[in-house]
*Asks:* 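Before I ask anything, here is the structure I am working with.
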Amino acid sequence: MLSVVRNFWWHQKAKMELRKAFENAGLYIPLENNKRFPKIHKILADEEQQTVTFIFTLLNGMDPKEVTKKEFVFKQHFGNNIEIDGDHKRFSLIVYLQAIQAELTYKYNDISPVISGMKVPIVCGKDRNGNWIAFDAKTEPNTLISGEPGSGKSTQLRSVITTLIQYKTPEELHLYLGDLKMSEFHLFKGIAHVQSICIFPKELTDMLTHVYSEMLKRSQLLNEEGVMHIDDLPPDKRVPYIVLAIDEIVMVMDNKDIKSMLIQIDSLGRALGIYNILSLQRPSHDILDTKIRSLLTVRMGFRTTDLANSRIIGTPGSEKISRDTPGRFLLKRDELTEIQAPYLAEKAAEKILKTYKSSSWKNRFSGHSKASKENEEEFSENDIFNGGLK
Ligand SMILES: Nc1ncnc2c1ncn2[C@@H]1O[C@H](COP(=O)(O)OP(=O)(O)OP(=O)(O)O)[C@@H](O)[C@H]1O
C-alpha cells in the first residue's frame, strides 16, 4: 500500500515539474483565469535504464519548434541529461538520472569480456548505463567516423585498431591502413598484423588495388568451394579477415579510382571478410554521396559544427556535444546511442603495441612497391574498374 502511495506522489511531483517547465517555456494557451498546458499522457520510470520518460502532446495551434527552441528550459528543470524527441504534436522527454561517464581510460581487460566471441570486434565505448558497447564487423562491415578537428576521431581509431591487434593473431587478421594526415598510424609500424601504412594517395591506390584483387580472389575461392562466407571455407583454405582503415578520406575522395574501389570493396566485402573504417573531418554531400553513405551503415558522429553536418553523418544531435567532452559521440546503428569513447593516449598505445612488433616487418605499398605491379599483372584495369566480379 505504502509503495502505491509513494508512487502516486512521485507521479504528481513529476507532472507538476513538467507543467512548471511548460509554463516557463511559454508552452501554454492563456485562458481568462487559467492556462492550458500540453497534455501529459504518460510518465514512465525505468529503474534498469535509470530514466524517466514523459510523453506529451501539444495543443492544436502550438508551434512544435518552440519545444526544441526551449530545450534549455527543460534542462533548467530536469538537468543537462535530457533528450527531447517528437514531430508536430507528440513528444517524448527522456530524463537520464545517471550522467554519462566523462572520462574513460582504455583498458583492454575491461573490454575483453564484451568482445569475447566476436569475429572482428569494433570497440565503441560506454553508454549512459555504464555498459561497454562494441559490435562485430562481420555483421556490420563498414563504419564512418566523423566529427570536427579535435573531437576524438583519431583517438577512437587508435583504440579500435589496438584492440583488434590484441584480439586477433597476425594470421587471423590483416590490417591495411591509410594515414593521409600523416599523424596517427606511425604507431602501428612494425606490427605483424599490419600489411601496409600508406601516407600518399598513390600508395593508397596501390594498396586498394591489392585489397580489391584479394577480394576478387576470395570471390573465386568461395565459388570454387561452394560456400557463402570465408568462415565456411575448409581449414586448409582459410584466409585472414581484412580491416581497411583510412584516416581522413577527404584528401582522396575526388580521386575516381579510389572512390570506385572503396564503393566496390564496401559493397562486396561482407562475405569475403573485408571490412572498412573511414574517418572524415567535414562531411559534405560531395564527399559522402548517397552511394557510399548507404554502405557505411555504422556511423560514429563526434562533435560537429552544425546540424547540417550531423545530418550528413546520420547522427543529428552531434552538434550539441560540448567541446569539454572530447571522445563523446553518437553511435548510429539501428538506434542512436550516446557513447563515451575510451581514451588511449599515444604513449599508452606504444606500450601495449611494443610486444606485437616484428623485426622482419615490411611496409608493402610504401614508395609504390612492387607488390602493386604484381597485382596489375594479375588483374587488368578493366577487371578492377569495370566490374571484374561479374
Ligand atoms: N576518448 C577520449 N577521452 C578523452 N579525451 C579525448 C578522447 N579522444 C580525444 N581526446 C582528447 O582530444 C584530443 C583530440 O583528439 P583527436 O586527435 O582524436 O581528435 P581528431 O578528431 O582526430 O582531430 P583531428 O581531426 O584534428 O585529427 C586528444 O589529444 C585528447 O586530448
*Asks:* Taking the basic N atoms (NZ, or NE/NH1/NH2) and the acidic carboxylate oxygens, is any pair closer than 4.0 Å for Glu23 and Lys20?
*Replies:*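 A salt bridge is absent here (no side-chain N lies under 4.0 Å from a carboxylate O).
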*Asks:* Would you verify whether the NZ or CZ of Lys35 falls within 45 degrees of the ring axis of Tyr28 while also being under 6.0 Å from that six-membered ring's centre?
*Replies:*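 Judged by the rule (NZ or CZ under 6.0 Å from the ring centre, within 45° of its axis), Lys35 counts as positioned above Tyr28.
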*Asks:* Output all residues satisfying salt bridge (Lys or Arg N to Asp or Glu O under 4.0 Å) with Lys181, sequence neighbours left out; order by chain, then residue number.
*Replies:*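 Applying salt bridge (Lys or Arg N to Asp or Glu O under 4.0 Å) to Lys181 gives Asp247.
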*Asks:* Enter the distance from Gln156:CD to Cys124:SG here, rounded to the nearest 0.5 Å.
*Replies:*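 Between Gln156 CD and Cys124 SG, I get 6.5 Å after rounding to 0.5 Å.
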*Asks:* Please check if Leu233 and Leu216 belong to a single hydrophobic cluster, counting links between Ile, Leu, Val, Met, Phe, Trp and Tyr side chain heavy atoms closer than 4.5 Å.
*Replies:*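 In one cluster with Leu233: Leu216, yes.
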*Asks:* Could you measure the distance from the CD1 atom of Ile265 to the CD atom of Glu214? Nearest 0.5 Å is fine.
*Replies:*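 Those atoms lie 10.5 Å apart.
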*Asks:* Are Ile43 and Phe37 co-members of a hydrophobic cluster defined by side-chain heavy atoms under 4.5 Å apart?
*Replies:*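 They do share one cluster, since a chain of ILVMFWY contacts under 4.5 Å joins Phe37 to Ile43.
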*Asks:* Just to verify, what does Glu83 make a salt bridge (Lys or Arg N to Asp or Glu O under 4.0 Å) with, not counting sequence neighbours?
*Replies:*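 For Glu83 there are no salt bridge (Lys or Arg N to Asp or Glu O under 4.0 Å) partners, ignoring immediate neighbours.
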*Asks:* Do the ring centers of Phe365 and His210 come within less than 6.0 Å of each other?
*Replies:*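 Yes, they do, as the ring centres are separated by less than 6.0 Å.
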*Asks:* Does the pair Arg333/Glu140 count as a salt bridge with the N-to-O cut at 4.0 Å?
*Replies:*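 Yes, this pair counts.
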*Asks:* With a 6.0 Å cut-off on the ring centroids, do Tyr275 and Tyr176 count as close?
*Replies:*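 Aromatic pair excluded; centres sit 6.0 Å or further apart.
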*Asks:* Please identify which of these residues, Val123, Thr139, Asp136, meets the side-chain contact (heavy atoms from CB on, under 4.5 Å) condition with Met118.
*Replies:*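 Among Val123, Thr139, Asp136, the one meeting side-chain contact (heavy atoms from CB on, under 4.5 Å) with Met118 is Asp136.
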*Asks:* Do Glu171 and Arg238 meet the salt-bridge criterion of a basic N to acidic O distance under 4.0 Å?
*Replies:*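 No salt bridge links Arg238 with Glu171.
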*Asks:* Under 6.0 Å between the ring centres of Phe56 and Phe91?
*Replies:*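 Yes, close enough.
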